[in-house]
Amino acid sequence: MTSRPVLDRKFLAAVERLGRAVRVARQEVATTHGVSLLGLSVIERLADADALRVGQLAAELAVTQPTTSDAVAALVDKGLVRRSPDPLDGRAKVLWLSPAGRDLAERVAHQLAPLMEPERATSADDQARALRVVLEEIHRLQQAGVITVNRSCPSCAHFQPPAGADLARCRLLDLALPERDLRVDCPEHSAPAASYSRQSSQLR
């Protein structure tokens, strides 16, 4: 019988292999549009968030702030990203997509859609269980300090884990959360106090 440590290594190796395949596909799309892989991630993140500071982008993408600044500068030069004063702090700048940048984000999403379209051997229920397991692993790695930004359900202060036959719940929205409804990037996410303190220090 496979031991738990061996099973853990196999699980992480499988996730890493899946990640490499997605990375190759994303690199091809980025090259097609003349942007770096990091630049592509910046465009996708800004498409979701509307406006962010460089420090926020750096933390969410798990790269250094100078590296993120270089990627952003290249996108600004291409007319894909714009800077403007932060309405909450006039000394700081926020980044947002230009119309050309938003158009590129839409084209990239369309080009990457086939990654999700092929017929699957797994059922929707199996896929939902896999989602839960991966999100729990992400939360574990966040608690260990490996991942800095995580807005998925298991890491949220409003998340109530399942108990017995009861489903997990979102206390904020007062909703039951079947496995397939767990969120990977929730706009209502609220980090627990200790986690929020650590993340805030990393954004400064």
Side-chain angles (χ1 to χ4, degrees), residues 15-16 18-118 131 134-135 138 141-142 146-153 155-156 173 181-191 195-196 198-204:
V15 172
E16 182 183 14
L18 180 62
R20 282 201 302 269
V22 173
R23 183 183 177 88
V24 168
R26 289 170 53 77
Q27 181 65 72
E28 291 179 356
V29 170
T31 300
T32 297
H33 294 291
V35 299
S36 67
L37 190 57
L38 177 56
L40 182 66
S41 296
V42 169
I43 288 170
E44 291 172 319
R45 190 67 199 100
L46 290 177
D48 291 336
D50 290 331
L52 291 171
R53 293 186 184 184
V54 169
Q56 292 172 307
L57 276 171
E60 295 194 14
L61 300 176
V63 295
T64 65
Q65 190 158 326
T67 299
T68 305
S69 294
D70 289 344
V72 167
L75 296 173
V76 170
D77 289 343
K78 291 178 181 293
L80 300 172
V81 170
R82 293 177 179 170
R83 297 187 180 98
S84 61
D86 189 335
L88 301 179
D89 183 355
R91 299 167 299 176
K93 299 285 187 181
V94 292
L95 308 169
W96 48 283
L97 291 180
S98 68
R102 194 157 295 279
D103 178 66
L104 177 56
E106 292 176 359
R107 283 185 284 146
V108 165
H110 178 73
Q111 288 175 306
L112 292 175
L115 288 174
M116 308 305 298
E117 290 177 358
L131 171 64
V134 170
L135 292 182
I138 290 172
L141 292 174
Q142 181 194 25
V146 177
I147 294 174
T148 55
V149 175
N150 175 20
R151 285 188 292 268
S152 64
C153 285
S155 69
C156 183
L173 302 178
D181 290 340
L182 293 173
R183 294 184 179 184
V184 177
D185 192 3
C186 178
E188 286 86 28
H189 185 276
S190 177
S195 175
Y196 178 80
R198 289 195 301 271
Q199 291 178 20
S200 295
S201 66
Q202 292 163 345
L203 294 177
R204 296 193 188 102

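No experiment lies behind these values; they were computed from the predicted model shown. For the numbers below, each heavy atom of this structure counts, side chains included, while hydrogens, waters and symmetry mates do not.
Among pairs with a residue in residues 72-87, those fulfilling salt bridge (Lys or Arg N to Asp or Glu O under 4.0 Å) read R53-D86, at least two apart in sequence or across chains. Pairs passing the side chain to side chain donor-acceptor pair (under 3.5 Å) check and including a residue from residues 103-114, sequence neighbours excluded, read H33-Q111, D103-R107.
Partners of T31 according to the side-chain hydrogen bond (donor to acceptor under 3.5 Å, both in side chains) rule, which considers only residues two or more places apart in sequence or in another chain, are Q27. Residues that satisfy the salt bridge (Lys or Arg N to Asp or Glu O under 4.0 Å) test with E188, not counting sequence neighbours, are R183. Contacts of R26 classified as side-chain hydrogen bond (donor to acceptor under 3.5 Å, both in side chains), with partners at least two apart in sequence or in another chain: S41, E44. Residues passing the side-chain hydrogen bond (donor to acceptor under 3.5 Å, both in side chains) test with T67, sequence neighbours excluded: T64.
Atom CD in Q65 sits 11.0 Å away from atom CG in D70 (nearest 0.5 Å). Taking SG of C153 as the reference point, atom CD1 of I138 lies at 11.5 Å (rounded to 0.5 Å). Here the CD1-CG distance, from I43 to D48, works out to 12.5 Å after rounding to the nearest 0.5 Å. Here CD1 of I147 is found 8.5 Å from OG of S152. Values are rounded to the nearest 0.5 Å. To the nearest 0.5 angstrom, L80 atom CG is 5.5 Å from L104 atom CG.
Between A25 and L112, the shortest heavy-atom contact is O-CD2, 4.2 Å. Residue A30 comes nearest to S36 through the heavy atom pair CB-O, 3.9 Å, listed as atom of the first residue, atom of the second, then distance. For the pair G79 and S98, the tightest heavy-atom approach, listed with the atom from each and the gap, is O-OG, 2.5 Å. The minimum heavy-atom distance linking L95 with L46 is given by the pair O-CD2, 3.5 Å.
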(request) Go through the steps to decide whether V81 and L97 satisfy the test side chain to side chain contact (heavy atoms under 4.5 Å, CB included), and finish with yes or no. (result) CA-CA 5 Å; V81 170; L97 291 180; 4.0 Å; yes
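Q56 places none of its side-chain heavy atoms less than 4.5 Å from the side chain of R45. At least one side-chain heavy atom of K93 sits under 4.5 Å from a side-chain heavy atom of P85.
The closest donor-acceptor contact from the side chain of T68 to the backbone of L57 lies at 3.5 Å or more, if one exists at all.
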